Amino acid sequence: MTRPDLPPIEYAGRAAALRERLTAAGIDGLAITDPTSLRWVTGFSGSNGAVAVLPDRIVLVTDNRYRERAAEELAAAGVEAEVLIGVTQPEQRALLVGAFAGCRQVGAEATSLSHARWEQLAGEVPLVAADGHVADLRRTKDAGEIARMELACRCADAALAEVAPTLGDGLTEADVRDELEHRMRRHGADGPSYATIVASGPEHAARPHHETGRRSIVEGDTVVIDVGALVDGYHSDMTRSFVIGTPTAQQQRLYDLLLDVQLAGVAAVSAGTAASDVDAACRERVADAGLIDWYLHSTGHGVGLLIHEDPFESPVSTMTLRAGDVVTVEPGLYRVGFGGFRIEDLVEVTHDGHRILTAFPKDSPCLPSPPTT
Ligand code: ZN
Ligand code: ZN
């Protein structure tokens, strides 16, 4: 399927926003080695590269494999950067070090550099830890980024709409995963956002991050399907839960409870709200129902170029939601012997509240009818 035209991602201005923060921190050069941060600043998506953000220019150091791709991607992003090619790793390091000549303080992300690389670089430039600047700027998605995440959501919605009606047809978990991943690509995705989770029955569905296996899905099972797509490096993330056949009274009661809990979590998402309050909105309702032992993970996370990024919605989060954040709300209930349910939506934080990007229905655990179009 061809892709719709998507608004451009606004790369222009990102380096300037970064420089402003670095200047405030007394840093005149930044070494970016984390591929996600590097992509966010320059548009370059290769697996090997380093960027020097300097007061008056950007230098991208990579290897011969990426000579053309780097030039093409920088041009497409509208980012002016000097591309330097080093054949060997020592050559690449020498080029990066050379770019920082004259800098008084060079920042680097200590959390993304190995200890060995840090030590090497620190021996050659005046290195200081400068973590979190790109990750913090990356939280605020522009229209082009949101459009890609929305398209990724549409691909997962459409794939699940086609596959969910067949869940009772004797398929294995792996069959369902394969169909979903194939169909997301057919609907325009570059691929799955992560290894699709299909967790079924009294044991597998009770594991929040079950590894999809060969179990056949049978009548009476709860089935948790966590599926997302990738578009231009941007992720989507959605979970829906089903019962094969007519739900028992307990299955229906717990699903209805979880849906209320999830809706309360989504309702709490707005700019200025503490991320921990979204978690609390869900957790407290589960505790009130006497089921806190069934609540095994935190309530959500940010999504963007990474499937898990800031801000995390957990009891210990210190972050406050901002317009432009894209977060999941994904409470779940799990118990070995029963199975489990999780309902997860991807939600954009807007200036006046929020907008849900995932569209697959969630009002019932019963299998849907096949799509008519
Ligand atoms: Zn998920
Ligand atoms: Zn998630």
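All values reported here derive from a predicted model rather than from experimental measurement. Because only heavy atoms are used, hydrogens play no part in the values below, and waters and symmetry mates are left out as well, while side chains stay in.
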Checking K362, E344, E330 against T239 for side-chain hydrogen bond (donor to acceptor under 3.5 Å, both in side chains), the one that qualifies is E344
Treating Ile, Leu, Val, Met, Phe, Trp and Tyr as nodes and any side-chain heavy-atom pair under 4.5 angstrom as an edge, say whether V266 and L259 lie in one connected cluster.
no
Output the rest of the hydrophobic cluster of L296: all Ile, Leu, Val, Met, Phe, Trp and Tyr residues reachable through side-chain heavy-atom contacts under 4.5 Å, sorted by chain and number.
Y334
Taking all non-hydrogen atoms of both residues, which atom of G86 and which atom of Q92 are closest, and how far apart?
O-NE2, 2.8 Å
Give me the other members of the hydrophobic cluster that V87 sits in, counting Ile, Leu, Val, Met, Phe, Trp and Tyr linked by side-chain heavy atoms under 4.5 Å, directly or via other members.
none
Salt bridge between R93 and E124, side-chain N to carboxylate O under 4.0 Å?
yes
List for me each residue that meets side-chain contact (heavy atoms from CB on, under 4.5 Å) alongside L367, sequence neighbours excluded, and say none if there are none.
L167, F242, I244
Note: D190-R185 ion pair, threshold 4.0 Å (strictly below)
no
For a salt bridge (charged side-chain N to carboxylate O under 4.0 Å, His left out) check, start with the C-alpha distance between R322 and D136, then their side-chain angles and the critical distance, and finish with the verdict.
CA-CA 11 Å; R322 306 194 295 234; D136 190 58; 3.2 Å; yes
Charged N to carboxylate O under 4.0 angstrom, E173 versus R214?
no
Applying the side-chain contact (heavy atoms from CB on, under 4.5 Å) criterion to V329, which one of I343, V278, L263 satisfies it?
V278
Excluding sequence neighbours, so at least two apart, what forms ring-ring contact (aromatic ring centres under 6.0 Å, His included) with W118?
none
When you check the gap from the basic side-chain N to the acidic O, do D310 and R139 get nearer than 4.0 Å?
no
Applying side-chain contact (heavy atoms from CB on, under 4.5 Å), name anything that partners R186, two or more places apart in sequence or on another chain.
H182
Are D288 and R285 close enough for a salt bridge, meaning some N to O gap below 4.0 Å?
no
Are any of the side-chain nitrogens in E313 or R283 under 4.0 Å away from the carboxylate oxygens of its partner?
no
Give a yes or no on whether a salt bridge exists between E348 and K141, defined as a side-chain N under 4.0 angstrom from a carboxylate O.
no
Hey, would you say the W294 and F338 ring centroids sit under 6.0 Å apart?
yes
Within a strict 4.5 Å, meaning less than it, do heavy atoms of the R240 and D345 side chains meet?
yes
The criterion is ring-ring contact (aromatic ring centres under 6.0 Å, His included); which residues satisfy it with Y295, sequence neighbours excluded?
none
